[in-house]
Participant: 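Please find one structure pasted underneath; my questions will follow.
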Amino acid sequence: MSKDIRIRKGLNINLVGAAEQTTSKAVTSNVYALNLDDFHGITPKMLVKQGEEVKAGEPLFYNKNYEEMHFVSPVSGELVEIVRGARRRILSLKILADKTQDYVINKVPDLDTADGAAIKNYLLQCGGWPFIKQRPYDVIANPEATPKAIFVSAYTTAPLAADADYVLKGKEQELQVAITALSKMTPGKIHVSIGKNSRSAFADLKGIELHKISGPHPAGLVGTQINMIDPVNKGETVWTISPQDMVILGELLMTGKFNAERTVALAGSVIKAPKYYTTKIGAEIATFLYASGVNEERFRLINGDVLTGTKTHTEGHLGFYNNTVTAIPEGNDYEFFGWNKPVFNKISNTRALTFSWLQPNKKYDLDTNTNGEHRAFVVTGQYEEVFPMDIYPLQLLKACMVKDLDEMEQLGLYEVAPEDFSLTEFICISKQPHQQIIREGLDLLQKELG
């Protein structure tokens with residue numbers, strides 16, 4: 001029996017350019033890349049030298065702080081470049097893919113007899129572990145910690161993000177295997193959240209506690225769901241994993257192959273024919289971007305959704321955790337007297353000058369203009385109107401900025417991730433980088449107290 005949760009605070013950002021629910025196979029990428037920034041807090045130690053051949057699923061590097069944690073190649077081919085930055089820090093790895101893919105076949109544990117330790121060791125060695133993240137700190141899960149629960153969000157509310165119900169069709173078997181394996185690594189429950197009226201692949205699966213969520217964004221964020229179901233307190237740990245990553249884990253546990261394939265939503269008003277593409281982690285974005293066509297020469301390409309994604313370029317590669325690529329107009333034009341006239345083509349949660357509240361279902365073609373400049377925090381009470389967690393967002397942001405560890409703990413930093421502040425950043429009239437502030441606060445908290 002499912003449990004219904006209604007989120008009342010939030011703001012839906014309806015944008016033009018949602019992906020049509022049709023899927024095409026992307027052109028095979030020549031070069032695949034792993035961006036090390038996707039693995040926050042990981043110090044890599046290489047296992048493969050530049051110029052060496054690797055198979056799909058073969059370890060490329062391991063975590064210096066936990067040597068059993070391997071990160072594997074999404075494809076077979078030659079490691080053609082190790083891109084380094086300052087102090088020879090590894091930034092990314094590029095692999096020239098073979099025409100015919102060759103996979104490492106791992107020995108699969110028997111889920112009926114294997115315990116949690118055996119499954120954990122298998123995922124660590126075969127490259128599946130990095131898909132599992134933890135709260136607190138929003139980093140790859142610590143294998144030595146035991147989570148009190150595991151959370152999965154299969155409800156999409158972020159603007160133009162891939163529809164979870166659509167991309168998971170026909171993946172019930174892989175999801176069930178992943179659930180069975182994950183359930184052996186926690187004494188608690190696996191909480192899965194779906195839309196109230198959705199036809200989710202999770203609806204009939206066993207071993208989960210199902211929650212039906214309704215309400216505006218950020219109702220679909222796993223942080224919001226954790227806060228409503230089982231909040232994280234000091235000394236506690238929960239794990240999170242996305243549904244598409246569960247499919248990869250399920251196949252890894254069924255066949256022994258690391259299949260990095262995923263369905264990606266290409267969306268945004270710049271795209272002529274927004275739709276879904278089947279590709280692989282690390283693929284060149286250009287292999288499916290130009291297949292749908294672009295309307296403008298100048299546009300912002302985002303690896304992820306418009307609120308939490310990272311800026312990339314047409315030569316960029318699909319992120320390790322991303323299943324959405326968004327293209328919107330680049331905005332750098334100054335709007336003359338924009339602060340002193342009625343506005344009908346922008347979204348706002350306030351009724352001052354902006355009339356989006358009169359047309360709640362209207363779709364907007366927004367660009368990247370911030371419509372204001374960076375300034376000190378202005379106390380308006382607007383953050384609390386779109387922030388559904390039982391946390392004071394402004395006070396927590398200020399505590400992170402002044403590096404007050406006691407305040408950060410007491411105000412609930414253990415419970416949040418940067419994405420939980422994406423909406424408050426969107427409506428911020430002070431143009432403060434909320435997600436960056438929270439990320440720096442989490443890093444400091446982990447360094448000093450973690």
Participant: Can Q125 and N106 be said to form a side-chain contact (heavy atoms from CB on, under 4.5 Å), step by step?
Facilitator: CA-CA 9 Å; Q125 294 295 320; N106 301 286; over 6 Å; no
Participant: Between I281 and I248, is any pair of side-chain heavy atoms under 4.5 Å apart?
Facilitator: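 Counting from C-beta outward, I281 and I248 do come under 4.5 Å.
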Participant: Distance alone, cut at 3.5 Å: any donor-acceptor contact between the side chains of Y62 and E68?
Facilitator: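 Short answer, no.
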Participant: Are side-chain heavy atoms of D138 and R439 found at a separation under 4.5 Å?
Facilitator: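 They are in side-chain contact.
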Participant: Hey, is E78 close enough to K49 for a salt bridge, meaning N to O under 4.0 Å?
Facilitator: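 Result for this pair is no, no salt bridge flagged.
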Participant: Grab the two heavy atoms, one from S269 and one from N295, that are nearest each other, plus how far apart they are.
Facilitator: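 Smallest interatomic distance, heavy atoms only, reads O-ND2, 3.2 Å.
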Participant: Have a look at Q134 and tell me which of V238, I140, T237 forms a side chain to side chain contact (heavy atoms under 4.5 Å, CB included) with it.
Facilitator: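 With Q134 as partner, side chain to side chain contact (heavy atoms under 4.5 Å, CB included) holds for just one option, T237.
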Participant: Is S29 reaching over with its side chain to a backbone N or O of V31, donor-acceptor style, under 3.5 angstrom?
Facilitator: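 Confirmed, S29 side chain pairs with V31 backbone.
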Participant: Keeping T186 on the side-chain end and S183 on the backbone end, is there a donor-acceptor pair under 3.5 Å?
Facilitator: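 It does not hold such a pair.
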Participant: Do N227 and T224 meet the criterion of a side-chain donor-acceptor pair at a distance under 3.5 Å?
Facilitator: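 Judged by distance alone, the side chains do not pair up.
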Participant: Just checking K148: does its NZ atom have more than 12 heavy atoms from other residues, nucleotides or ligands closer to it than 6.0 angstrom?
Facilitator: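 Correct, the count exceeds 12.
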Participant: Determine the minimum heavy-atom distance between H317 and G282, stating which atoms define it.
Facilitator: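 Nearest pair, atom of H317 first, then G282: ND1-O, 2.9 Å.
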Participant: Between W129 and L123, is a side-chain contact (heavy atoms from CB on, under 4.5 Å) present by the stated rule, with each step listed?
Facilitator: CA-CA 5 Å; W129 192 264; L123 295 179; 4.1 Å; yes
Participant: Under the 3.5 angstrom rule, does the side chain of N35 hit a backbone N or O of D37 as a donor-acceptor pair?
Facilitator: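 The answer is yes, because a donor-acceptor pair under 3.5 Å joins these two groups.
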Participant: Are D367 and R300 close enough for a salt bridge, meaning some N to O gap below 4.0 Å?
Facilitator: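 Result for this pair is no, no salt bridge flagged.
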Participant: Under 6.0 Å from the ring centre and within 45 degrees of the ring axis: does the NZ or CZ of K257 meet both conditions for the six-membered ring of Y103?
Facilitator: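 So K257 does make the cation-pi contact.
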Participant: If you draw a 6.0 Å radius around NZ in K64, do more than 12 non-hydrogen atoms from other residues or ligands fall strictly inside?
Facilitator: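 Check fails, neighbour count at 12 or below.
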Participant: Between T22 and K275, which heavy-atom pair has the shortest distance, and what is it?
Facilitator: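 In this case the closest contact between T22 and K275 is O-CB, 3.7 Å.
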Participant: Nearest heavy-atom pair of V270 and E296: which atoms, and what distance?
Facilitator: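 The pair with the smallest heavy-atom distance is CG1-N, 4.3 Å.
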Participant: Between D443 and K447, does any side-chain N to carboxylate O distance fall below 4.0 Å?
Facilitator: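 So D443 does not pair with K447 through a salt bridge.
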Participant: Please assess D230 against F151 for the test side-chain contact (heavy atoms from CB on, under 4.5 Å), listing each intermediate value before the final yes or no.
Facilitator: CA-CA 10 Å; D230 190 5; F151 289 83; 3.9 Å; yes
Participant: Between the side chains of D98 and K55, is the shortest nitrogen-to-carboxylate-oxygen separation below 4.0 Å, so that they form an ion pair?
Facilitator: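 Salt bridge absent between K55 and D98.
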Participant: I want to check something: taking the side chain as every heavy atom from C-beta on, are I391 and V416 in contact at a cut-off of under 4.5 Å?
Facilitator: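 Yes, their side chains come closer than 4.5 Å.
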Participant: When you measure from the side chain of T255 to the backbone N and O of L252, does any donor-acceptor pair fall under 3.5 Å?
Facilitator: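 The answer is no, because no donor-acceptor pair under 3.5 Å joins these two groups.
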Participant: Can you tell me if OH on Y66 sees more than 12 non-hydrogen neighbours from other groups inside 6.0 Å?
Facilitator: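 Check passes, neighbour count above 12.
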Participant: Could you walk me through whether L449 and Y414 pass the side-chain contact (heavy atoms from CB on, under 4.5 Å) test, one step at a time?
Facilitator: CA-CA 11 Å; L449 304 175; Y414 287 117; 4.1 Å; yes
Participant: Please walk me through it: do Q225 and S193 pass side chain to side chain donor-acceptor pair (under 3.5 Å)?
Facilitator: CA-CA 8 Å; Q225 297 161 12; S193 300; 3.1 Å; yes
Participant: Can any side-chain N or O of N322 pair as donor or acceptor with the backbone N or O of T324 at less than 3.5 Å?
Facilitator: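 No; judged by distance alone, with no hydrogens or angles, the pair does not exist.
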Participant: Taking the ring centre of each residue, are H434 and Y383 less than 6.0 Å apart?
Facilitator: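 Yes, the ring of H434 comes within the 6.0 Å limit of the ring of Y383, centre to centre.
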Participant: With side chains defined as the heavy atoms from C-beta onward, is the minimum distance between L36 and I42 less than 4.5 Å?
Facilitator: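 SC-SC contact between L36 and I42 ruled out.
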Participant: Would you say the side-chain atoms of N12 pair up with the backbone N or O of H217, donor to acceptor, closer than 3.5 Å?
Facilitator: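 It does hold such a pair.
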Participant: Quick one: do K184 and D115 make a salt bridge, cutoff under 4.0 Å?
Facilitator: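 Result for this pair is no, no salt bridge flagged.
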Participant: So, for G220 and T157, which heavy atoms are closest and what is the spacing to 0.1 Å?
Facilitator: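 Looking at all heavy atoms of both residues, the closest pair is N-OG1, 3.0 Å.
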Participant: For Y166 and T263: C-alpha separation, side-chain torsions, deciding distance, then whether side chain to side chain donor-acceptor pair (under 3.5 Å) applies.
Facilitator: CA-CA 10 Å; Y166 177 72; T263 303; over 6 Å; no
Participant: Is there side-chain contact between F202 and E172, with heavy atoms separated by less than 4.5 Å?
Facilitator: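 SC-SC contact between F202 and E172 ruled out.
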Participant: Any chance CZ of R89 has more than 12 other-residue heavy atoms, nucleotides or ligands included, within less than 6.0 Å?
Facilitator: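 Counting other residues, nucleotides and ligands, CZ of R89 stays at 12 neighbours or fewer.
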Participant: Flag the pair D163 / Y276 as yes when at least one side-chain heavy-atom distance between them is below 4.5 Å, and no otherwise.
Facilitator: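 D163 reaches Y276 side chain to side chain.
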Participant: Specify the closest pair of heavy atoms between A273 and S292, including all atoms of both residues, with the distance to one decimal.
Facilitator: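 Looks like O-OG, 2.9 Å.
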Participant: Could you check whether any side-chain heavy atom of P130 comes within less than 4.5 Å of a side-chain heavy atom of F320, counting everything from C-beta outward?
Facilitator: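 Yes, close enough: below the 4.5 Å cut-off.
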Participant: Does K120 make a cation-pi contact with Y122, if we ask for NZ or CZ under 6.0 Å from the ring centre and within 45° of the axis?
Facilitator: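 No, K120 does not sit over the ring of Y122.
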Participant: Is the closest side-chain heavy-atom distance between I132 and L182 below 4.5 Å?
Facilitator: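 Contact flag for I132/L182 side chains = yes.
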Participant: Within the supplied structure, the quantity of interest is the number of heavy atoms (other residues, nucleotides, ligands) at a distance under 6.0 Å from E53 CD; does it exceed 12?
Facilitator: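 Yes - once you tally the heavy atoms of other residues, nucleotides and ligands closer than 6.0 Å, there are more than 12.
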Participant: Under 4.0 Å between a side-chain nitrogen and a carboxylate oxygen: does that hold for E261 and K280?
Facilitator: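 The answer is no: the pair does not qualify as a salt bridge.
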Participant: Would you call E330 and R298 a salt bridge, taking side-chain N to carboxylate O under 4.0 Å as the test?
Facilitator: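 No.
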Participant: Does D245 come within less than 4.0 Å of K133, counting only side-chain N to carboxylate O?
Facilitator: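 The answer is no: the pair does not qualify as a salt bridge.
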Participant: Kindly indicate, with the supporting measurements, whether the criterion ring-ring contact (aromatic ring centres under 6.0 Å, His included) is fulfilled by Y137 and H40.
Facilitator: CA-CA 10 Å; Y137 312 126; H40 187 79; over 10 Å; no
Participant: With rounding to the nearest 0.5 angstrom, report the CD1 to OG1 distance, I302 to T310.
Facilitator: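 Here the rounded value is 9.0 Å.
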Participant: Can you measure from CD1 (I150) to CE (M246) and round to the nearest 0.5 angstrom?
Facilitator: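 Answer rounded to 0.5 Å: 8.5 Å.
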